[in-house]
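One structure below.
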Amino acid sequence: MTWQDNYQVWKNYQDLDPALAQELTDMAGDQEALENAFTKPMAFGTAGMRGLIGPGIGEMNIYTVGAAAEGLARFMDTLDDKDKQRGVAISFDSRYHSREFAHHSAQVLGAHGIPSFVFDDIRPTPELSFAVRHLHTYAGIMITASHNPKQYNGFKIYGPDGGQMPPKAADQITEYVNGIDNMFTVKTVKETTLRKQNLVHIIGEDVDEDYLAGVKAVSINPKLVDEVGKDMTLIYTPLHGTGHIIGYRALKDTGYNHFTMVKEQAIADPEFPTVTHPNPEFPEAFNMAIELGKKEDADLLVATDPDADRLGAAVRMPNGEYQLMTGNQIASVLLNYILKAKQDAGKLPADGMVVKSIVSTELATKIADHYGVKMVNVLTGFKYIAEQIKLAEQNHDHTFLFGFEESFGYLINPFVRDKDAIQSTILLAEVAAYYKQQGLTLYDGIQQLYKTYGYYKEKTTAKEFDGVDGADKMAAIMKSLRESKPTEFAGIKVETTDDYQTQVATHQDGSTEKLSLPVSNVLKYWLEDGTWIAVRPSGTEPKIKFYIGTNGKTDAEATQKLTDFEKALTQWVKD
């Protein structure tokens, strides 16, 4: 069917949701918007789906959400009755329609006799992951678009271990979603009926208490918090999202009494009125926190994204200004503190394991090596970190100590199986207290790591490809990159090229070897000076990401190398 055919089906549907019907009327003269909304169905992958809110087969609305929930329900219909009756935990963030999408999903599941456990109000993604494990449900649904702008929403599915649904099951669910001929015919049951049938349960404080108990246990040295942390000045902003209640309670429960929330951003507002991008990776997200931090002479500024799975931070510089930490810097100071504190207490396990993505800093590898801890590299996506935790538990061969991605996602204790900004907030505050006890700041702590292990610099850039032909353009670029086979960047020769799509590593002399990680559309180049460059289409957004990681003996050397390689990469992609 053409986009015009799909548009007519929606336009002629008599029982279309009134709000969506009005939006269709408003879109009538905008051919580009109609083409984007009706050409291709919303892609449903291993992490679920994410897109613009609006009418059409390619946007987030109750019909596309209903189809996603129906796909999950049909998959659960194939399970034995015991697993099916374990049900699904459902949470949602502060975005437009999130509550509606969550309850609509429960109504679809209920039509299949599948119980749902729905949070009474907005909760973070990591708490949803915890709820799956805590309630022993078979699956979880999180309605969120994470750090995307206000126009977006999303639908994520979690598996029995609290991590994102494993690939095999996710592929089956995708097949069921794609097999739905008419999303308007997806059956639902009224929630009042489902409540009477004991198929919808409302959860909240009962789960909150146990989750927060787990968060409090993340603290490695409670005495340090009691002696230093309680008087430390912290600024926290949840960026209008789910962290505003849980984050506040976690800090209080752990003993950080002297902290202030950015009150304007502590309001759960789907407009995200104070920021264009509610993303702690963006400097603008910290503007209000920095202003407040200067007034209160704060030791640390912390921001969590709307679903509170990503954490950003800013540290006070010697001149009193604040500088944003990169995700790699935050991960490195957290890792170093965890390993050192456990070693000092005689509690560092001999079989310790740290897990990071292949596009994250090699500084963490140096730190892990120093403490005799194994570093495991996985593909981008926290599901792969969760998978390593599960394998370690099953095989009894390693003890998980820390996992992270450079994109501001970290996990300390695995009672959650996704990145957890609430846990990370608590431990980063403890790290700040550790340095404050020595008369130092987190900025000083980062500099100490550089002096010990070398100056590591990383940068991630992205090129966006919106519109119906965006995916085709991205595919063409990746094809071109594979065919061009660069042998050097900025005059530094490529030693090895890792192509995760073919699962082959090709060395400078032409020899090859098999890569052990799963198939993924990623290219990574290892250069002779220790620099690495990676290219990867995003799995959730219409963009290609470019990563550079380099190092030097001085800050100036590493910075210059980063500039040179970025220029070379830009020219290479342009050519």
Side-chain angles (χ1 to χ4, degrees), residues 313-315 317-318 323-344 348 352-378 380 401-408 410 428 431-432 434-435 438 440-461 488-498 508 524-534 546-569:
V315 294
M317 304 279 284
Q323 176 176 299
L324 268 65
M325 300 172 72
T326 68
N328 285 313
Q329 288 175 331
I330 294 172
S332 296
V333 295
L334 286 173
L335 175 61
N336 184 70
Y337 177 76
I338 290 168
L339 300 185
K340 185 177 189 309
K342 287 184 179 294
Q343 186 181 72
D344 290 348
L348 184 63
M353 173 184 77
V354 176
V355 190
K356 74 175 183 68
S357 69
I358 60 173
V359 294
S360 297
T361 183
E362 288 302 308
L363 173 57
T365 304
K366 290 285 188 180
I367 294 170
D369 288 346
H370 174 79
Y371 289 96
V373 170
K374 180 180 180 179
M375 175 63 76
V376 177
N377 286 282
V378 297
T380 302
L401 297 173
F402 185 61
F404 77 97
E405 294 181 323
E406 51 76 38
S407 54
F408 291 69
Y410 330 93
L428 188 63
V431 178
Y434 167 76
Y435 287 113
Q438 303 171 56
L440 304 172
T441 67
L442 260 178
Y443 174 80
D444 298 317
I446 296 167
Q447 299 309 308
Q448 285 182 355
L449 291 180
Y450 288 152
K451 289 175 183 176
T452 302
Y453 300 105
Y455 289 80
Y456 282 75
K457 298 281 184 177
E458 297 83 20
K459 187 168 185 179
T460 303
T461 58
E488 58 87 20
F489 291 94
I492 306 298
K493 290 183 179 180
V494 175
E495 273 192 339
T496 302
T497 300
D498 294 342
Q508 197 176 58
K524 186 170 183 179
Y525 306 93
W526 296 92
L527 310 189
E528 286 185 333
D529 69 341
T531 298
W532 58 265
I533 293 171
F546 303 92
Y547 306 82
I548 303 171
T550 192
N551 61 85
K553 294 180 180 179
T554 65
D555 182 78
E557 180 187 350
T559 301
Q560 185 60 53
K561 287 175 69 174
L562 191 66
T563 300
D564 293 343
F565 285 120
E566 185 178 11
K567 183 178 178 180
L569 180 60

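Numbering starts at 1 and runs along the sequence shown.
Note: Tyr547 OH to Ile358 CD1 = 9.0 Å, rounded to the nearest 0.5 Å. To the nearest 0.5 angstrom, Thr452 atom OG1 is 8.0 Å from Asn336 atom CG. The line from CG of Asp555 to OH of Tyr455 is 6.5 Å long, rounded to the nearest 0.5 Å. To the nearest 0.5 Å, the span separating CD1 on Ile338 from CD1 on Ile367 amounts to 10.5 Å. In this structure, the separation between CG on Leu442 and CD1 on Ile446 is 6.0 Å, given to the nearest 0.5 Å. Taking OG1 of Thr496 as the reference point, atom CH2 of Trp526 lies at 9.0 Å (rounded to 0.5 Å).
Side-chain atoms of Thr531 never come within 3.5 Å of backbone atoms of Leu527 as a donor-acceptor pair (strictly under, hydrogens ignored). Using a distance-only test at 3.5 Å, with no hydrogens or angles considered, a donor-acceptor pair links the side chain of Gln329 to the main chain of Thr326. The backbone N or O of Glu406 sits less than 3.5 Å from a side-chain atom of Ser360, completing a donor-acceptor pair. When atom types are taken as modelled, the side chain of Glu557 and the backbone of Lys553 share a donor-acceptor pair closer than 3.5 angstrom. Listed for the Lys457 side chain is no donor-acceptor partner under 3.5 Å among the backbone atoms of Gly549. Asn328 places a side-chain N or O within donor-acceptor distance of the main-chain N or O of Thr361, the cut-off being under 3.5 Å. Judged by distance alone, with hydrogens and angles left aside, the side-chain atoms of Asp444 form a donor-acceptor pair with the main-chain N or O of Thr441 at under 3.5 Å.
Aromatic rings from Phe565 and Phe489 are positioned such that their centres are separated by 6.0 Å or more. Residues Tyr456 and Tyr450 place their aromatic rings such that the two centres sit no closer than 6.0 Å.
For Ser357 and Glu405, the side-chain atoms include no donor-acceptor pair closer than 3.5 Å. A donor atom on one side chain and an acceptor atom on the other are found under 3.5 Å apart for Asn377 and Lys356.
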Checklist entry - Could you walk me through whether Thr365 and Glu362 pass the side-chain hydrogen bond (donor to acceptor under 3.5 Å, both in side chains) check? => result CA-CA 5 Å; Thr365 304; Glu362 288 302 308; 3.1 Å; yes

Checklist entry - Do Val373 and Leu335 pass the side chain to side chain contact (heavy atoms under 4.5 Å, CB included) test, and can you show the C-alpha distance, the side-chain angles, and the key distance before you say yes or no? => result CA-CA 11 Å; Val373 170; Leu335 175 61; over 6 Å; no

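Between Lys493 and Asp529 there is no salt bridge, since none of the side-chain N atoms of the basic residue sits less than 4.0 Å from a carboxylate O of the acidic one.
Inter-residue side-chain proximity for Glu566 and Phe546 is flagged as unmet; no heavy-atom pair is nearer than 4.5 Å. For the pair Ile548 and Lys561, the minimum side-chain heavy-atom distance is 4.5 Å or more. Two residues are said to be in side-chain contact when any heavy atoms from C-beta on lie closer than 4.5 Å; Gln560 and Asp564 meet this criterion. Side chains of Leu401 and Lys342 form a contact here, defined as non-hydrogen atoms less than 4.5 Å apart. For the pair Leu569 and Ile533, the minimum side-chain heavy-atom distance is below 4.5 Å. The shortest side-chain heavy-atom distance between Glu528 and Gln508 falls under the 4.5 Å cut-off. Residues Tyr525 and Asp498 are not in side-chain contact: their nearest non-hydrogen atoms beyond the backbone lie 4.5 Å or more apart.
When all heavy atoms of Tyr443 and Gln323 are compared, the pair lying nearest together is CE1-NE2, 4.5 Å. Considering all non-hydrogen atoms of both residues, Val355 and Val378 come closest at CG1-CG1, 3.8 Å. Taking every heavy atom of both residues into account, Ala364 and Ser332 meet most closely at N-OG, 4.4 Å. Closest heavy-atom contact between Ala558 and Gly552: CB-N, 3.7 Å. Closest heavy-atom contact between Leu440 and Gln448: CD1-NE2, 3.3 Å. Listed here is the closest heavy atom pair of Phe404 and Ala331: CD1-CB, 3.3 Å.
Ring pair Phe402/Tyr410 is parallel by interplanar angle, where below 30° counts as parallel and above 60° as perpendicular.
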